[in-house]
Trainee: 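Below is a structure I'd like to ask you about.
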Amino acid sequence: MTEVRTALREAAARLEGVSDTPRLDAELLMAHALGVERQVLLLDPSRFAVPTGFAALIERRMAHEPVAYIVGYRDFWTIRLAVGSGMLIPRPDSETLIEAAVDHFRDSGPERVLDLGVGPGTLLLAVLAEWP
């Protein structure tokens, strides 16, 4: 039986040709297959056995399917957003806009927010999470 650490290392090596973040992808997919959060997996990988579905998830990623589509969500800023096939996946560099707003407005928050034609509403949801 392959241990989780070995399976992660082997999966990351396979994903090097299709991903800029092969180790992260492998960890997210393993955590998803196990039904746990990534940090739980990383704290003690030896407590888990490699689930049978993990190999199929790696194959989907090898076919260039985004991790967000495979796991069904994308963490952005402080929120978790459901993501489905064909939906725009929030990009980490968009978080810099939220950082700039937080630096500018601090605790008071903006009086109004206009989110017009900038995608699926990810930035608005992050702003509303910051300043309900």
Side-chain angles (χ1 to χ4, degrees):
M1 176 171 82
T2 305
E3 72 170 32
V4 168
R5 283 187 179 98
T6 302
L8 286 172
R9 188 173 43 255
E10 290 171 355
R14 287 191 65 207
L15 293 172
E16 282 182 6
V18 299
S19 173
D20 292 334
T21 56
R23 179 65 187 209
L24 175 62
D25 291 4
E27 291 169 359
L28 289 169
L29 294 173
M30 178 68 78
H32 178 70
L34 290 167
V36 300
E37 294 292 324
R38 177 174 167 250
Q39 61 269 23
V40 172
L41 168 66
L42 295 178
L43 282 173
D44 188 11
S46 63
R47 74 182 246 212
F48 300 105
V50 178
T52 55
F54 179 63
L57 299 177
I58 294 300
E59 289 307 314
R60 288 174 66 183
R61 186 67 186 110
M62 290 294 297
H64 299 276
E65 185 175 354
V67 171
Y69 291 172
I70 297 170
V71 300
Y73 69 87
R74 173 79 158 118
D75 290 332
F76 181 83
W77 193 244
T78 61
I79 59 177
R80 176 164 285 178
L81 299 162
V83 175
S85 181
M87 185 176 171
L88 291 174
I89 299 171
R91 295 172 39 164
D93 55 330
S94 296
E95 290 181 342
T96 59
L97 296 169
I98 305 301
E99 281 182 44
V102 168
D103 286 344
H104 179 76
F105 292 108
R106 304 278 178 217
D107 294 331
S108 64
E111 273 186 48
R112 289 184 289 256
V113 175
L114 175 62
D115 183 6
L116 182 64
V118 294
T122 302
L123 295 172
L124 178 62
L125 292 171
V127 165
L128 291 174
E130 199 64 39
W131 299 290

Trainee: Would a single hydrophobic cluster contain both Leu57 and Val83, if residues Ile, Leu, Val, Met, Phe, Trp and Tyr are joined by side-chain heavy-atom contacts under 4.5 Å?
Mentor: no
Trainee: Do Glu3 and Arg9 have side-chain heavy atoms sitting under 4.5 Å apart?
Mentor: no
Trainee: Find the distance between CG (Leu81) and CE (Met87) and round it off to the nearest 0.5 Å.
Mentor: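 It is 6.5 Å, given to the nearest 0.5 Å.
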Trainee: Between Tyr73 and Leu41, is there a shared hydrophobic cluster once you connect ILVMFWY residues whose side-chain heavy atoms come closer than 4.5 Å?
Mentor: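 Looking at the clustering, Leu41 is in the same group as Tyr73.
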Trainee: I'd like to know whether CG of Asp103 has more than 12 heavy-atom contacts from other residues, nucleotides or ligands below 6.0 angstrom.
Mentor: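 For Asp103, atom CG is crowded (more than 12 foreign heavy atoms under 6.0 Å).
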Trainee: Is there a chain of hydrophobic side chains (I, L, V, M, F, W, Y, each step under 4.5 Å between heavy atoms) that links Leu24 to Leu15?
Mentor: yes
Trainee: When hydrophobic residues are tied together by side-chain contacts of less than 4.5 Å, even through go-betweens, does Val113 share a cluster with Val102?
Mentor: yes
Trainee: State whether the number of non-hydrogen atoms from other residues, nucleotides or ligands found under 6.0 Å of Asp44 atom CG is greater than 12.
Mentor: yes
Trainee: Phe54 and Leu42: same hydrophobic cluster, using ILVMFWY side-chain contacts below 4.5 Å?
Mentor: no
Trainee: Nearest heavy-atom pair of Pro90 and Phe76: which atoms, and what distance?
Mentor: CB-CD1, 3.5 Å
Trainee: What distance do Thr21 atom OG1 and Leu28 atom CG have between them, rounded to the nearest 0.5 Å?
Mentor: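 Nearest 0.5 Å value for the OG1-CG distance: 8.0 Å.
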Trainee: How far apart are the closest heavy atoms of Leu8 and Ala26, and which atoms are they?
Mentor: CD2-O, 3.4 Å
Trainee: Working to the nearest 0.5 Å, report the span between CD1 of Ile70 and CG of Asp25.
Mentor: 8.0 Å
Trainee: Looking at side-chain heavy atoms only, is the closest gap between Ile58 and Met62 below 4.5 Å?
Mentor: yes
Trainee: Please table the atom pairs, donor to acceptor, closer than 3.5 Å between any side-chain atom in residues 29-40 and protein atoms at least two apart or in another chain.
Mentor:
residue : atom : partner : partner atom : Å
Glu37   : OE1  : Arg80   : NH2          : 3.0
Glu37   : OE2  : Arg80   : NH1          : 3.0
Arg38   : NE   : Glu27   : OE1          : 2.8
Arg38   : NH2  : Glu27   : OE1          : 2.8

Trainee: Which residues satisfy the salt bridge (Lys or Arg N to Asp or Glu O under 4.0 Å) test with Glu95, sequence neighbours excluded?
Mentor: none
Trainee: Show me the donor-acceptor pairs, under 3.5 Å and distance only, between side chains in residues 118-132 and residues at least two apart or in other chains.
Mentor:
residue : atom : partner : partner atom : Å
Glu130  : OE1  : Trp77   : NE1          : 2.7
Trp131  : NE1  : Arg106  : O            : 3.0

